[in-house]
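Written out below as structure tokens is the structure these notes cover.
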Amino acid sequence: MLRRTFLMLAAGVATLGVSAAAVSAQELPKLKQKDKYKVGFAQTESNNPWRIAQTESMKAEAAKLGYQLVYTDAAGSAAKQVADVNSMIAQGVDLIFLAPREEKPLIPAVMAAKKAGIPVILLDRNVDQSLAKAGKDYVTFIGSDFVEEGRRAAEALDKATNGTAKIIQLEGTTGSSPANDRRKGFEDYIKNKPGMKIIASQSGDFARDKGRQVAETLLQAHPDATAIYAHNDEMAIGAISALEAAGKKPGQDVQIVSIDGTRDALQAIIDGKMLATVECNPKFGPKAFETMARYAKGEQIEPWVVNTDRFFDKSNAKQLIADAY
Ligand code: GZL
């Protein structure tokens, strides 16, 4: 499967007139130091508060610096996001910030920018590391440790249930690095917990209503579920609606753990409907443009600029909700 995918991707890159190997061998494009830049930001979609907060943060920082921002919204389509990046290349931007919706389909876009001599900084989501590398094909990946987020969610559920839970997992966007890694972090943790079992797992695409629909279906099939692990708060809020529609009490009959730290999630924690959520900070603007400035100065950028995440539960949700997005 992987070989076929790579050959398809290589063919994709080859249609750009170069072989994958030739592109990969090229130098990582540099960034000249200038007062003002024209910068691209290729967003995946705007279907949830996290995405909207990330976009607002990027736009605000670009405006503060007086940079021209070429912003695109792929409306949930990886193919459109590739086209969006290609249009930024055609517009001759100085650098591209890209949040690759899924790990593999955005490789041709990363390679096309490299071939065009435009540096790429990945924000929030990563690309498949067997197909592209930081420092060689793109400058760096700025984002959270999704595996650790998954582990911390599992640990919170373990503590709250004394290690006994029949878990429904609501997965994020299929093929996205947060979905892959949040699943890995959670499942690796419960491997050593015989009383914690995932009884069903399905993608809700990080969306509230899809999460509600999937939770509804899985709860009907598994009425014995005692916990829900959602890869993001939007799906967790959807699951709360599904539980209440089924006459169950979220936070009592079924414990819910999630990731992001949105305002609605903190409110659900305050209301006793959600156990905890691990932060995934969407406010990328300052760190994104600071990293760009470091790169322009010629600094060696670490392959992963790590965002640190807080943890929200009933001990701190009330005092922190005012700053939530
Ligand atoms: C994580 C980010 C995820 C959020 C979701 O860094 O990619 O995408 O956790 C969002 O809420 O849709």
Side-chain angles (χ1 to χ4, degrees), residues 4-20 22-24 26 28-29 31 37-48 50-52 54-59 62 67-134 136-143 172-180 203 205-207 210 282 284 288 292:
R4 189 161 59 84
T5 309
F6 181 75
L7 290 174
M8 273 166 52
L9 288 166
V13 172
T15 55
L16 295 169
V18 287
S19 73
V23 170
S24 188
Q26 278 171 340
L28 186 67
L31 180 65
Y37 289 98
K38 181 176 176 182
V39 176
F41 173 40
Q43 179 56 287
T44 63
E45 55 242 275
S46 304
N47 67 339
N48 76 43
W50 196 99
R51 290 278 143 210
I52 292 162
Q54 184 188 41
T55 296
E56 283 170 359
S57 175
M58 290 296 288
K59 286 181 174 177
Y67 293 0
Q68 182 187 350
L69 187 72
V70 177
Y71 170 74
T72 59
D73 178 332
S77 158
K80 181 182 180 302
Q81 196 174 29
V82 171
D84 290 342
V85 170
N86 288 332
S87 81
M88 291 173 181
I89 293 168
Q91 294 176 60
V93 297
D94 297 301
L95 175 138
I96 294 170
F97 288 113
L98 169 63
R101 186 170 196 274
E102 295 143 47
E103 288 188 341
K104 291 185 171 60
L106 270 299
I107 297 287
V110 171
M111 294 309 194
K114 176 178 178 181
K115 179 179 174 298
I118 299 172
V120 170
I121 292 180
L122 298 184
L123 298 185
D124 151 48
R125 294 188 184 177
N126 215 332
V127 292
D128 184 312
Q129 294 299 291
S130 67
L131 299 174
K133 286 251 181 297
K136 195 163 65 70
D137 303 308
Y138 56 91
V139 177
T140 186
F141 163 64
I142 305 177
T173 298
T174 302
S176 69
S177 57
N180 292 338
S203 174
D205 203 22
F206 284 134
K210 186 83 184 345
F284 275 74
M292 174 180 167

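Numbering starts at 1 and runs along the sequence shown. Quick note: numbers below take in every heavy atom, side chains included, and nothing from hydrogens, waters or symmetry partners.
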Taking side chain to side chain contact (heavy atoms under 4.5 Å, CB included) as the test, write out the residues that go with [X], two or more places apart.
{"X": "Q91", "value": "K38, V70, S87"}
{"X": "A132", "value": "I107, M111, V127, D137, Y138"}
{"X": "L28", "value": "V139, Y295"}

List in chain and number order the residues that pass salt bridge (charged side-chain N to carboxylate O under 4.0 Å, His left out) with [X], two or more places apart in sequence or in another chain; answer none if no residue qualifies.
{"X": "K80", "result": "D84"}
{"X": "D73", "result": "none"}
{"X": "R101", "result": "E45, D205"}
{"X": "E102", "result": "none"}

Exercise. Evaluate side chain to side chain contact (heavy atoms under 4.5 Å, CB included) for Q81 paired with L98, printing each intermediate quantity in order.
Key: CA-CA 9 Å; Q81 196 174 29; L98 169 63; 3.5 Å; yes
Quiz item: Rounded to the nearest 0.5 Å, how far apart are CZ of F284 and OG1 of T55?
Solution: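 Result: 11.0 Å between the selected atoms.
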Practice problem: Scan for ring pair (Phe, Tyr, Trp, His ring centres under 6.0 Å) pairs involving residues 110-132, sequence neighbours excluded, and state none if there are none. | Solution: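 Applying ring pair (Phe, Tyr, Trp, His ring centres under 6.0 Å) to every pair that reaches into residues 110-132, excluding sequence neighbours, yields nothing.
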Exercise. With sequence neighbours excluded, tell me which residues meet side chain to side chain donor-acceptor pair (under 3.5 Å) with Q54.
Key: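 Here the qualifying residues are Q43, R51.
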Exercise. Looking only at non-hydrogen atoms, find the nearest pair between M88 and A42 and report the distance.
Key: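 Distance-wise, the nearest heavy atoms are CE-N, 3.6 Å.
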Quiz item: Donor-acceptor pair, K114 side chain versus V120 backbone, under 3.5 Å?
Solution: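 Side chain of K114 to backbone of V120: no pair is present.
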Quiz prompt | By ring-ring contact (aromatic ring centres under 6.0 Å, His included) - contacts of F97 (at least two apart) | solution =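 F289.
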